[in-house]
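As structure tokens, the structure follows; a few thoughts come after it.
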Amino acid sequence: PTARFSYGFGRIEAIAAFVNGLLLLAMTAWIVVEAAQRFSDPPTINVQVLLSVAVLGLLVNLLVAWSLSNDRDDLNTRAALAHVMGDLLGSVAAITAGLVIWQGGPLWMDPLLSVLISILIVRSAWSVVHDAFRVLMEGTPLSVEVSEVRGALEGLPQVTGVHNLHLWSLSPSQIALSAHLQVRDLEHWPATLAHAREALRARGIDHATLQPEAAPSPDRGAFE
């Protein structure tokens, strides 16, 4: 955190993943357009070169995918992994098309496999874009149920009500919350606050701002 950016720079992860996902979607669109042109006018293919490059690409991408798969919870890593999986599947498609063509198969096998692989890539790329957009728009994290969090806070001994409850992501891995808690006795607020923070941390919420308010008076029906 800095004076200008009091929450720090964790959201850069979501920005990078969002841009990465959009580029991946654009790349698949370009592949589909190129494949459509090759259906009607298939180019001459040097099968030996195709297979050599595809096998080398497959080995490299397998190594990179294995190294990235250890951190799938990170949104930006997921975006990078989607890129690598796209390259990996492309290598598999190229090898398959090369073997088919080598055995005398049709040249349109290459663009056909390219389109099929692009459809698979779009699914993972869209997932990354969707999750990154949710973070950038400060949407409620998918890993948290608002009703469950509200119930946990309302279940605290001194709490009689919860309102102005907001949940959002500071970054893909950090969840924030703000809420007003109505309490029976403000003198017990320190203990209530400690219990509330403990309940929130158990649900993965590590940045909470809680404001106490006196519960409505039973006889007057108004706030003290």
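Below, all heavy atoms of this structure are taken into account, side chains as well, without hydrogens, waters or symmetry copies.
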>> Show every side chain to side chain donor-acceptor pair (under 3.5 Å) that has at least one partner inside residues 115-124, sequence neighbours left out.
In response: none
Specify the closest pair of heavy atoms between [X] and [Y], including all atoms of both residues, with the distance to one decimal.
X      : Y      : value
Thr192 : Leu156 : O-CD1, 4.2 Å
Val162 : Glu154 : CG2-CG, 3.5 Å
Val135 : Ala14  : CG1-CB, 3.7 Å
Ile95  : Ala54  : CG1-CB, 3.5 Å
Pro111 : Ala35  : CB-O, 3.4 Å
Leu186 : Pro212 : CD2-CB, 4.1 Å

Quick test of your reading: applying salt bridge (Lys or Arg N to Asp or Glu O under 4.0 Å), list the pairs with at least one residue in [range], sequence neighbours left out, ordered by first then second residue.
range            : value
residues 39-62   : none
residues 31-40   : Arg38-Asp110
residues 184-206 : Glu148-Arg203
residues 161-170 : none

>> Holding to salt bridge (Lys or Arg N to Asp or Glu O under 4.0 Å), I want the full list of residues that pass it with Asp87, two or more places apart in sequence or in another chain.
In response: none
> Partners of Glu138 by salt bridge (Lys or Arg N to Asp or Glu O under 4.0 Å), sequence neighbours excluded?
Replying inline: Arg11
Report yes if some heavy atom in the side chain of [X] is under 4.5 Å from a heavy atom in the side chain of [Y]; otherwise report no.
X      : Y      : result
Ile175 : Ser143 : yes
Ser169 : Pro141 : yes
Trp168 : Ser178 : yes

> Does any pair with a residue in residues 120-148 pass ring-ring contact (aromatic ring centres under 6.0 Å, His included), and if so which ones, sequence neighbours excluded?
Replying inline: none
> Could you give all pairs that pass the ring-ring contact (aromatic ring centres under 6.0 Å, His included) test and reach residues 174-203, with sequence neighbours left out?
Replying inline: His163-His180
>> According to side-chain hydrogen bond (donor to acceptor under 3.5 Å, both in side chains), who are the partners of Ser127, at least two apart in sequence or on a separate chain?
In response: Arg78
>> So, using side-chain hydrogen bond (donor to acceptor under 3.5 Å, both in side chains) as the criterion, who are the partners of Asn61 when residues are at least two apart?
In response: none
To the nearest 0.5 Å, tell me how far [X] [atom1] sits from [Y] [atom2].
X      : Y      : atom1 : atom2 : answer
Ser171 : Phe9   : OG    : CZ    : 13.0 Å
His207 : Leu200 : NE2   : CG    : 12.0 Å
Leu51  : Ser91  : CG    : OG    : 11.5 Å
Ile117 : Leu89  : CD1   : CG    : 4.5 Å
Leu50  : Asn46  : CG    : CG    : 8.5 Å
Gln158 : Leu193 : CD    : CG    : 13.0 Å

Give the cluster check for [X] versus [Y]: same hydrophobic cluster or not, with ILVMFWY residues linked at side-chain heavy-atom distances below 4.5 Å.
X      : Y      : answer
Leu210 : Leu165 : yes
Met85  : Val64  : yes
Val146 : Val149 : yes
Leu58  : Leu63  : no
Leu120 : Val128 : no

>> Determine whether Gln182 and Val159 satisfy the following criterion, side-chain contact (heavy atoms from CB on, under 4.5 Å), listing intermediate values before the conclusion.
In response: CA-CA 6 Å; Gln182 296 175 0; Val159 176; 5.8 Å; no
> What's the verdict on side-chain contact (heavy atoms from CB on, under 4.5 Å) for Leu24 and Met27, showing C-alpha distance, side-chain angles and the deciding distance?
Replying inline: CA-CA 5 Å; Leu24 197 56; Met27 184 185 74; 3.4 Å; yes
>> Apply the hydrophobic cluster definition, ILVMFWY joined by side-chain contacts under 4.5 Å directly or through others, and give me every member besides Phe39.
In response: Val100, Trp108, Met109, Leu112, Leu113, Val115, Leu116, Ile119
>> Set out, in order, the CA-CA distance, both residues' side-chain angles and the distance that settles side-chain contact (heavy atoms from CB on, under 4.5 Å) for Thr160 and Val183, then state yes or no.
In response: CA-CA 6 Å; Thr160 62; Val183 294; over 6 Å; no
> Leu136 and Phe18: side-chain contact (heavy atoms from CB on, under 4.5 Å), yes or no, with the steps?
Replying inline: CA-CA 9 Å; Leu136 296 176; Phe18 185 73; 4.1 Å; yes
